[in-house]
Structure formats: C-alpha cells, structure tokens
Amino acid sequence: MKAFVAGATGETGRRIVAELVRRDIPVRALVRNLDRARDLLPPQAELVTGDVLQPDSLPEAIGDSTIVLCATGAQPSLDPTRPYKVDLEGTKHLVDAARDKGIQQFVLVSSLCVSQFFHPLNLFWLVLYWKKQAEEYLQTSGLTYTIVRPGGLKNEDSASPIIMRSADSLFEGSIPRAKVARVCVEALFCPDARNKIVEIVAKADAPKTEIAQLFAGVG
C-alpha cells in the first residue's frame with residue numbers, strides 16, 4: 001500500500017499524512033509550495049508538487065501510489081467560483097487521474113449536510129452543493145470509494161468517542177480533525193468501509209467503539 005494525499009498541507013490533510021506515517025504507510029503528499037510543506041509535514045512523507053486544478057500535473061504526482069485520500073477544500077475567499085473549482089472540478093480531476101492509474105481505493109473527505117441545499121454554509125458560494133456533486137462523480141466513477149462526511153471540524157483532539165451513521169442521518173455536531181484522519185486511514189483496512197458514505201461526529205456520552213466496528217454498523 002502506498003498512499004497519495006491531496007490537500008496534504010490543510011488542517012485535515014496534514015493530520016491524515018501524520019496518521020499514515022504513524023502506521024508506517026508510505027505516503028506521497030501533493031503540495032503546491034515545497035518550503036511551506038516541509039515546515040508542516042513529517043519528514044517521512046514524500047513531497048510531490050502539483051495542483052488538483054492542473055489535471056496534467058496529477059498522473060506524475062500520483063506516481064506508484066495505490067490509494068488516494070482527498071482532503072482538499074476551498075478556503076474562504078471573495079472569489080465566487082472557488083468552491084466550484086476546488087470542491088468539484090479539482091476533485092473530478094483527481095478522480096479521473098485515480099481511475100486512469102487503477103487506484104485501489106479513493107477516500108474523500110466531504111462534509112455533513114451536503115444534501116441540504118438551504119444550509120447556511122451554502123451561502124459560501126454553494127460549497128456544500130459542489131461537495132455533493134463531487135461525491136456523486138466519485139460514486140459513478142467505477143472506483144472503490146469511501147466518502148467521509150465529518151461534522152464541524154476542530155483542531156484540538158479530544159477523548160470523546162466517534163459516532164458514525166449512514167448518509168443524511170446526522171445534521172449537527174463536531175469532531176476533531178485527528179479523529180477524521182483516523183477514520184480515513186482505517187477505511188483503507190476495513191472491507192466494510194468500501195463503497196459507503198459515512199457521517200461522523202464525536203460526543204462525550206457515546207459508547208467507545210472501534211472504527212472497524214463502526215464501519216460494519218453502517219448499512
């Protein structure tokens with residue numbers, strides 16, 4: 001197994017890279033700025049330059065990777081086309097490149113409530129809407145996929161157990177990014193994670209359950 005991580009220098013992406021390294025999985029991290037990436041990512045990660053908005057850069061960047069994890073996302077900006085470009089077009093470019101490369105599994109970090117068009121987050125240039133379109137593109141790509149929809153993302157980890165449900169079952173809650181990273185990486189080892197959409201939050205009063213069991217419990 002060799003992992004390719006897009007969005008590797010983002011808050012969630014860098015935690016996915018760290019979790020892969022912790023589990024001794026070789027990782028290629030897609031970055032736009034090598035100097036910035038060296039400051040943010042563990043030295044064990046192989047840094048490759050490219051951009052999901054530049055599809056010609058992706059085949060070489062993916063290289064000999066066997067799995068892809070995508071944690072890209074548009075940053076808040078005044079550009080109304082940014083979520084469309086990054087969250088939809090960029091993901092489509094990555095899905096196409098992964099399919100051409102014969103990637104074994106594609107893990108996509110999406111978001112809770114993507115099916116709710118009138119959600120307040122869609123005031124940010126329809127960001128949830130474009131994420132949902134990207135999910136559907138991945139689902140129809142022929143690739144083996146796992147789509148992870150986390151609740152509100154927190155930078156600080158916590159001891160609160162993870163709650164995992166099927167698509168469009170959770171509508172509120174938050175979760176530390178480190179737990180999102182663990183779910184994404186665990187999905188690579190769980191047959192029950194394949195071709196599923198899962199929604200995750202963390203709650204202090206939830207029963208503590210292994211991630212593999214959580215995947216098994218989602219239909």
Side-chain angles (χ1 to χ4, degrees), residues 6-7 10 12-13 15-16 19 67-74 83-84 86-92 94-96 98-99 103-154 160-203 205-207 209-219:
T12 302
R15 287 164 173 82
I16 290 174
E19 182 66 16
I67 55 170
V68 167
L69 301 102
C70 179
T72 56
Y84 166 77
V86 175
D87 291 285
L88 178 57
E89 290 299 310
T91 304
K92 288 171 68 174
L94 191 57
V95 168
D96 290 345
R99 184 175 52 211
I103 289 296
Q104 295 170 9
Q105 187 173 356
F106 192 115
V107 178
L108 175 64
V109 180
S110 184
S111 176
L112 223 61
C113 299
V114 291
S115 300
Q116 293 184 303
F117 184 78
F118 293 103
H119 192 280
L121 278 177
N122 271 331
L123 294 174
F124 170 44
W125 314 131
L126 298 178
V127 61
L128 293 181
Y129 176 79
W130 297 126
K131 285 181 182 291
K132 183 66 163 62
Q133 301 307 303
E135 288 185 5
E136 293 175 359
Y137 191 81
L138 173 58
Q139 286 179 281
T140 59
S141 69
L143 288 165
T144 296
Y145 66 86
T146 304
I147 296 169
V148 179
R149 295 178 177 175
L153 295 166
K154 294 187 172 181
S160 298
I162 297 169
I163 293 174
M164 183 183 291
R165 298 286 186 268
S166 58
D168 305 322
S169 298
L170 294 173
F171 302 101
E172 59 183 8
S174 61
I175 187 167
R177 295 178 192 269
K179 285 184 166 56
V180 177
R182 288 195 283 276
V183 168
C184 289
V185 174
E186 189 63 32
L188 306 174
F189 299 92
C190 292
D192 288 315
R194 293 172 190 159
N195 298 322
K196 280 185 181 178
I197 297 176
V198 298
E199 299 186 336
I200 53 172
V201 296
K203 287 191 177 179
D205 59 354
T209 310
E210 294 295 327
I211 294 174
Q213 289 180 265
L214 293 173
F215 274 119
V218 174

Kindly compute the distance separating [atom1] ([X]) from [atom2] ([Y]), expressed to the nearest 0.5 Å.
| X | Y | atom1 | atom2 | result |
| --- | --- | --- | --- | --- |
| Gln133 | Lys131 | CD | NZ | 13.0 Å |
| Arg165 | Leu112 | CZ | CG | 12.0 Å |
| Glu89 | Tyr137 | CD | OH | 8.5 Å |
| Trp130 | Asp87 | CH2 | CG | 10.5 Å |
| Leu108 | Leu143 | CG | CG | 11.5 Å |
| Cys70 | Leu138 | SG | CG | 9.0 Å |

Under the side-chain contact (heavy atoms from CB on, under 4.5 Å) rule, what do Glu186 and Leu214 come out as? Steps first, then yes or no, please.
-> CA-CA 11 Å; Glu186 189 63 32; Leu214 293 173; over 6 Å; no

Heavy-atom pair with the smallest gap, counting every atom of [X] and [Y]:
| X | Y | value |
| --- | --- | --- |
| Ala181 | Glu19 | O-CG, 4.1 Å |
| Gln105 | Ala187 | NE2-O, 3.2 Å |
| Pro150 | Ser110 | CD-O, 3.4 Å |
| Pro161 | Pro207 | CB-O, 3.6 Å |
| Ala74 | Phe124 | O-CE2, 3.9 Å |
| Ile175 | Gly151 | CG2-N, 3.9 Å |

Any Lys179 side-chain heavy atom under 4.5 Å of Val183 side chain = no

Determine the sole option in Ile16, Ile147, Thr72 for which the side chain to side chain contact (heavy atoms under 4.5 Å, CB included) test with Val109 is passed.
-> Ile16

Check step by step if side-chain contact (heavy atoms from CB on, under 4.5 Å) holds for Phe106 and Leu94.
-> CA-CA 10 Å; Phe106 192 115; Leu94 191 57; 3.9 Å; yes

List the atom pairs, donor and acceptor, that lie under 3.5 Å between side-chain atoms in residues 188-200 and the rest of the protein, sequence neighbours left out.
| unit_1 | atom_1 | unit_2 | atom_2 | d |
| --- | --- | --- | --- | --- |
| Asn195 | OD1 | Tyr145 | N | 3.1 |
| Lys196 | NZ | Asp192 | O | 2.8 |
| Lys196 | NZ | Phe215 | O | 2.8 |
| Lys196 | NZ | Val218 | O | 2.5 |
| Glu199 | OE1 | Asp168 | N | 3.3 |
| Glu199 | OE1 | Ser169 | N | 2.9 |
| Glu199 | OE1 | Leu170 | N | 2.8 |
| Glu199 | OE2 | Arg149 | NH1 | 2.9 |
| Glu199 | OE2 | Asp168 | N | 2.8 |

With the threshold set at 4.0 Å, does a side-chain nitrogen-carboxylate oxygen contact exist between Glu136 and Lys132?
-> yes

Has Tyr84 got more than 12 heavy atoms of other residues, nucleotides or ligands less than 6.0 Å from its OH?
-> no

For side-chain contact (heavy atoms from CB on, under 4.5 Å), just list the numbers for Phe117 and Leu128, CA-CA rounded to whole Å, side-chain angles, deciding distance to a tenth of an Å, and then say yes or no.
-> CA-CA 7 Å; Phe117 184 78; Leu128 293 181; over 6 Å; no

Decide yes or no on side-chain contact (heavy atoms from CB on, under 4.5 Å) for Val107 and Ile67, but give the supporting numbers first.
-> CA-CA 8 Å; Val107 178; Ile67 55 170; over 6 Å; no

